[in-house]
Number of protein chains: 2
Amino acid sequence: MARVLLIEDDPNVRDALALALKGREHEVESAASGEEGLERLARFAADVVVLDLMLPGIDGFEVCRRIRAAASTSIVMLSARGDDFDVVGGLEAGADDYVVKPVRPQVLEARIRAVLRRTDGVPSPVESYGALCVDRASLTVSRSGRQVALPPMELRLLLYLSAAPGQVFSRQQLLESVWEHDYLGDSRLVDACVQRLRAKIEDVPAQPRYVQTVRGFGYRFGPV
Amino acid sequence: MARVLLIEDDPNVRDALALALKGREHEVESAASGEEGLERLARFAADVVVLDLMLPGIDGFEVCRRIRAAASTSIVMLSARGDDFDVVGGLEAGADDYVVKPVRPQVLEARIRAVLRRTDGVPSPVESYGALCVDRASLTVSRSGRQVALPPMELRLLLYLSAAPGQVFSRQQLLESVWEHDYLGDSRLVDACVQRLRAKIEDVPAQPRYVQTVRGFGYRFGPV
DNA sequence: GAGGCTATTACACGTTCATGACATGGCGCG
DNA sequence: CGCGCCATGTCATGAACGTGTAATAGCCTC
């Protein structure tokens, strides 16, 4: 019925859910960590990702953001923590649904179906922001209809930022998520990349419309 | 931000939710029964319908099916019954999400956003206190609809205070938490920052509505 | 009315960011 | 195998902006 990627570190839960979903004619692929999940996703074109929050290595929220940056796959979060605070945080990180463990497979499946029903009508991963067009499938960017060639890092940065328009990211967050650097310390690397990106996508780089500076905090993609 | 049709027969719940959603800049229309809701929907082009299941007259499931038949509006079901059976049934009747009462407005709103994200752009989460709106994702503040630019420290102070409305913080606490200074000692630094902040967000800085002085103790955010 | 607490304003220093030049390194092409 | 280009990361400079401090004025409380 659907292609499901299950990211969950507990083998018992993972196997139980995988089995149940397969029994309902879904195609299921499993991963035990965030890293593994992201890697699988690159090759297994999932319709929906079922994502545990408590993962070894990079946590569920970060995995969620990275999935959002790269693809338009739907995400159902799965967590043992059901406080209002957690739920709101999860949904704001970009999840389509948030389910509290333990969960009966029937319920999980019903929620997956509800999420997919919503997605069906939205085929195009092309997002357009003003004159800027970002196509996450072909990884191309165009500005006022004319295609813009972006080097890898600038493209990754743009994808990441534009996946959450309006949200402010610190340089540190960007170094970790986009560059996958883990060292702490001051670096003007992000700044430099932002400048180069602006030179290519902004009409007036000195008054950026898309990639904006938030003094003292970091950068944000739009809104104007 | 979004147009919400709220179908709920209990006037208390209805008014509370309507008020909370309006406070977050949504446009809200209410209906007390299924018939009234369907009729409203014909004229009020809602982005999402929040639908109680226990309604007088035609029940929530039937309303859901009729909405689905007529329009592509998203539906968030609201019910006091949270059995797995009910949840699965609700989602299979065509709901996009199913929320169990009682629900905190923040959670309902986060779920509405998640549902809308699929069809619309991504509006960011907004806390609103009277005429003051604080958007914690994009780090923007607006007063009576007009955006206010705040320098980093003033913004951090406002974010910190408004995260716990009503609670009093001493200058020392603020120095530690907002400034991350650890030295003890008298400093009028917090005062100065508060003044600058007031000048920007208060209508009458001399009679502050949002950032209030508690003589001898410190400052507090609201209540209005 | 005195003392302590807070508001208000001004100014100079420090931080932060933009910008462009430069060094490094990988990759493809000859 | 070697050359050269392009992308990336680092650095130095300069400007803009915000911030902390201090000095003064106002207010509340006892």
Side-chain angles (χ1 to χ4, degrees), chain A residues 139 141 148-161 168-221, chain B residues 139 141 148-161 168-221:
Chain A
L139 297 181
V141 175
V148 179
L150 291 182
M153 288 316 294
E154 289 165 42
L155 181 58
R156 291 186 58 179
L157 177 63
L158 177 62
L159 289 175
Y160 192 83
L161 289 175
V168 175
F169 296 96
S170 70
R171 291 173 174 69
Q172 190 57 44
Q173 267 178 296
L174 294 172
L175 277 179
E176 282 167 18
S177 308
V178 178
W179 276 264
E180 305 185 8
H181 286 179
D182 43 0
Y183 57 72
L184 298 117
D186 194 40
S187 162
R188 298 263 72 98
L189 173 53
V190 179
D191 297 48
C193 192
V194 166
Q195 309 318 323
R196 289 195 261 255
L197 177 57
R198 279 179 181 159
K200 285 164 194 145
I201 64 170
E202 300 281 357
D203 293 319
V204 187
Q207 292 149 36
R209 208 182 141 192
Y210 301 113
V211 181
Q212 300 175 348
T213 304
V214 182
R215 201 181 164 88
F217 292 92
Y219 295 97
R220 131 184 92 204
F221 184 86
Chain B
L139 300 182
V141 175
V148 179
L150 292 182
M153 288 316 294
E154 290 165 41
L155 182 56
R156 291 186 59 179
L157 177 64
L158 176 62
L159 289 174
Y160 190 82
L161 289 175
V168 177
F169 297 96
S170 71
R171 291 173 174 71
Q172 191 57 43
Q173 267 177 295
L174 293 172
L175 277 178
E176 283 167 17
S177 308
V178 179
W179 275 263
E180 302 180 9
H181 285 179
D182 43 1
Y183 57 72
L184 298 117
D186 193 42
S187 162
R188 297 267 70 107
L189 173 53
V190 179
D191 297 48
C193 193
V194 166
Q195 309 318 321
R196 290 195 266 251
L197 177 57
R198 281 178 179 159
K200 285 164 191 143
I201 65 170
E202 301 281 359
D203 293 318
V204 186
Q207 293 149 35
R209 207 180 143 194
Y210 301 113
V211 181
Q212 300 174 349
T213 304
V214 182
R215 199 181 165 86
F217 294 92
Y219 296 97
R220 133 184 92 199
F221 184 85

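Residue numbers start from 1 in every chain, and the chains themselves are labelled A, B, ... in the order their sequence lines are given, proteins ahead of strands. Note that the coordinates shown come from a computational prediction; the quantities given were computed from them, not determined experimentally.
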Verify the contact: side-chain N or O of [X] to OP1 or OP2 of [N], cut-off strictly under 4.0 Å; return yes or no.
| X | N | result |
| --- | --- | --- |
| B:Thr213 | C:dC5 | no |
| A:Tyr219 | C:dT16 | no |
| A:Arg171 | C:dT16 | no |

Residue B:Gln207 excluded, over 12 heavy atoms near CD under 6.0 Å |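 No, the 6.0 Å shell around CD holds no more than 12 heavy atoms from other groups.
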Approximate separation, where rounding is to 0.5 Å, of [X] [atom1] and [Y] [atom2]:
| X | Y | atom1 | atom2 | answer |
| --- | --- | --- | --- | --- |
| A:Arg171 | A:Asp191 | CZ | CG | 4.0 Å |
| A:Ser177 | A:Gln172 | OG | CD | 9.5 Å |
| A:Leu174 | A:Leu161 | CG | CG | 5.5 Å |
| A:Glu176 | A:Phe169 | CD | CZ | 12.5 Å |
| A:Glu180 | A:Arg156 | CD | CZ | 5.0 Å |
| B:Thr213 | B:Arg220 | OG1 | CZ | 9.5 Å |

Sugar-phosphate, base or nothing in reach of B:Pro205, heavy atoms under 4.0 Å |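 Touches nothing.
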Have a look at B:Ala199 and say if it touches a base, only the backbone sugar-phosphate, or nothing, with a 4.0 Å heavy-atom cut-off.
->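 Here B:Ala199 touches no strand at all.
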Output the rounded distance in Å from [atom1] ([X]) to [atom2] ([N]).
| X | N | atom1 | atom2 | result |
| --- | --- | --- | --- | --- |
| B:Glu202 | C:dT8 | CD | C1' | 15 Å |
| A:Leu175 | D:dT10 | CG | P | 9 Å |
| A:Glu154 | D:dG9 | CD | P | 10 Å |
| A:Lys200 | D:dC6 | NZ | P | 11 Å |
| A:Asp191 | C:dT16 | CG | C1' | 9 Å |
| A:Gln195 | D:dT8 | CD | P | 15 Å |
| A:Leu155 | D:dC6 | CG | C1' | 16 Å |

Between B:Arg198 and B:Tyr210, is any side-chain donor less than 3.5 angstrom from a side-chain acceptor?
->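 Per modelled atom types, B:Arg198 and B:Tyr210 side chains form no pair under 3.5 Å.
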Which pair of non-hydrogen atoms, one from A:Gly216 and one from B:Pro152, has the smallest distance, and what is that distance?
->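 Reported closest heavy-atom pair: CA-CG, 3.9 Å.
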Report, as a single string ordered 5' to 3', how protein heavy atoms within less than 4.0 Å touch nucleotides 20-30 of chain D: B base, S sugar-phosphate only, - not at all.
-> BB------B--
Angle, rounded to 10°, between the helical axes spanning five pairs at each terminus of the helix from C:dG1-D:dC30 to C:dG30-D:dC1?
->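 Terminal axis comparison yields 30°.
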